[in-house]
Peer 1: 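Here's a structure for you.
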Amino acid sequence: QEKFMIVTSDVSTSAGLDRFRKMYQENYYDVGIAEQNLIGVASGLSHMGYNVFTTTFAPFQTMRCLEQIKVNAGYMRNKITMVGLASGVVLNTLGFTHCSIEDISIMKSIPGITILSPSDPAEVYKSIFAAYNHDGPVYIRLTGGANIKPVYEDDYDFVIGEPIELIRGRENTVISTGSIVSNCYQAIKDSNHDLGLINLHTLKPINELSLVKLIREKRKIYTFEEHSSIGGLASIILEIKEKYSLKFEIISTSLPDEY
């Protein structure tokens with residue numbers, strides 16, 4: 001507890017941290033709406049031996065302080081876990097400044113940063129502990145609203161980088177990430193189609209051999225993501241397809257390259 005610190009940018013209530021803030025005042029610091037300082041302060045605390053989590057809304061957690069993330073987390077390798085709240089388009093009522101459809105591509109381009117995209121509340125829990133114990137900077141991308149249906153009925157081992165096959169399909173498989181996995185899971189369960197489902201909860205790094213083993217013999221791969229068509233899940237699967245000379249057809253559903 002003494003060496004754990006949460007640093008936020010004025011999002012105590014939005015991040016569900018009010019109880020933590022009141023109970024562990026010495027382990028909580030709010031820098032205000034100053035996200036570049038958020039990463040600077042977190043980097044200093046990390047350098048002093050703290051296990052640091054930062055959090056604010058996803059577009060501000062990633063893009064507003066991108067240079068600081070590049071230098072302090074990517075280049076200097078300070079161990080910081082950056083939690084991006086309400087990524088995707090769930091905050092559309094606040095306008096597109098609060099939506100985040102670019103964060104996977106941006107964070108993926110910075111060397112050394114692990115990207116986790118949990119599918120349901122239980123996986124958020126597992127992601128937090130995995131990031132806490134991980135040796136290096138992590139970005140946790142949180143998507144969806146308050147009523148996400150659970151994906152997992154039983155406990156399971158969450159291993160950074162390892163894809164999870166939720167439903168086995170003979171010829172065709174859906175690959176998804178984040179809260180939209182829950183939608184895919186419900187849709188496949190309610191249909192009569194022979195479709196598999198893979199939850200890619202880690203977008204970087206990926207155990208490519210594990211994923212290739214699951215999809216090598218497939219005829220069609222469908223990807224679903226709450227991200228731009230550029231640089232997200234579909235791009236990742238296309239890169240793996242080319243790298244391993246796989247033959248399946250990819251049908252992607254993502255957000256268009258426009259606001």
Peer 1: Counting C-beta onward and ignoring hydrogens, is there a side-chain heavy-atom pair between Thr202 and Glu162 closer than 4.5 Å?
Peer 2: no
Peer 1: Please find the pair of heavy atoms, one from Val52 and one from Ser46, that lie closest to each other, and give the distance.
Peer 2: CG2-N, 3.7 Å
Peer 1: So Asn78 and His47, do their side chains get closer than 4.5 Å, heavy atoms only?
Peer 2: yes
Peer 1: Hydrogens and angles aside, do Ser87 and Glu226 bring a side-chain donor and acceptor to less than 3.5 Å of each other?
Peer 2: no
Peer 1: So, do Tyr28 and Tyr24 have ring centers that fall under 6.0 Å from each other?
Peer 2: no
Peer 1: Say you draw a straight line from CZ of Phe248 to CD of Glu217; how long is it, rounded to the nearest 0.5 Å?
Peer 2: 11.0 Å
Peer 1: Within the distance-only criterion (no hydrogens, no angle test), does the side chain of Lys108 pair as donor or acceptor with the backbone N or O of Ile115 below 3.5 angstrom?
Peer 2: no
Peer 1: Kindly give the heavy-atom pair with the smallest separation between Ile230 and Ser105, and that separation in Å.
Peer 2: O-CB, 3.8 Å
Peer 1: Once you measure the plane-to-plane angle for Phe57 and Phe60, does it fall in the parallel (<30°), tilted (30-60°) or perpendicular (>60°) bin?
Peer 2: perpendicular
Peer 1: Mind listing the closest non-hydrogen atom pair of Ile148 and Ser119 along with its distance?
Peer 2: CG2-O, 3.8 Å
Peer 1: Out of curiosity, Glu165 CD to Ile175 CD1, how far, rounded to the nearest 0.5 Å?
Peer 2: 10.0 Å
Peer 1: Return the OG1 to CD distance between Thr8 and Gln61, rounded to the nearest 0.5 Å.
Peer 2: 10.5 Å
Peer 1: Which heavy-atom pair separates Asp120 from Val151 by the least distance, and what is that distance?
Peer 2: OD2-N, 2.8 Å
Peer 1: Is it true that a side-chain atom of Lys79 and a backbone atom of Gly49 form a donor plus acceptor pair closer than 3.5 Å?
Peer 2: no
Peer 1: Say you draw a straight line from CD1 of Ile106 to OG1 of Thr62; how long is it, rounded to the nearest 0.5 Å?
Peer 2: 5.5 Å
Peer 1: Would you say that more than 12 heavy atoms from the other residues, nucleotides or ligands in this model lie under 6.0 Å from the CG of Asn133, or not?
Peer 2: yes
Peer 1: Is a side-chain N or O of Asp194 found less than 3.5 angstrom from the main chain of Arg170, in a donor-acceptor match?
Peer 2: yes
Peer 1: Test your reading of the model: is there a side-chain donor-acceptor pair from Thr143 to the backbone of Ser179, 3.5 Å cut-off?
Peer 2: yes
Peer 1: Taking Thr114 for its side chain and Val138 for its backbone only, find out whether a donor-acceptor pair lies under 3.5 Å.
Peer 2: no
Peer 1: Quiz question: by atom type and distance under 3.5 Å, do the side chains of Ser117 and Thr177 form a donor-acceptor pair?
Peer 2: yes
Peer 1: Looking at Lys220, is its backbone amide N or carbonyl O close enough to the side chain of Asn172 to form a donor-acceptor pair, meaning the two atoms are under 3.5 Å apart?
Peer 2: yes
Peer 1: Looking only at non-hydrogen atoms, find the nearest pair between Gly74 and Ile110 and report the distance.
Peer 2: CA-CG2, 3.8 Å
Peer 1: Can you tell me if Ser254 and Ser229 form a side-chain donor-acceptor pair at under 3.5 Å?
Peer 2: no
Peer 1: Could you check Val174, Thr223, Ile215, Leu166 and say which one makes a side-chain contact (heavy atoms from CB on, under 4.5 Å) with Ile198?
Peer 2: Ile215
Peer 1: Measure across Val31 and Val41 and return the closest heavy-atom pair with its distance rounded to 0.1 Å.
Peer 2: CG1-CG2, 4.2 Å
Peer 1: May I ask you to test the Leu233-His227 pair for a side-chain heavy-atom distance under 4.5 Å?
Peer 2: no
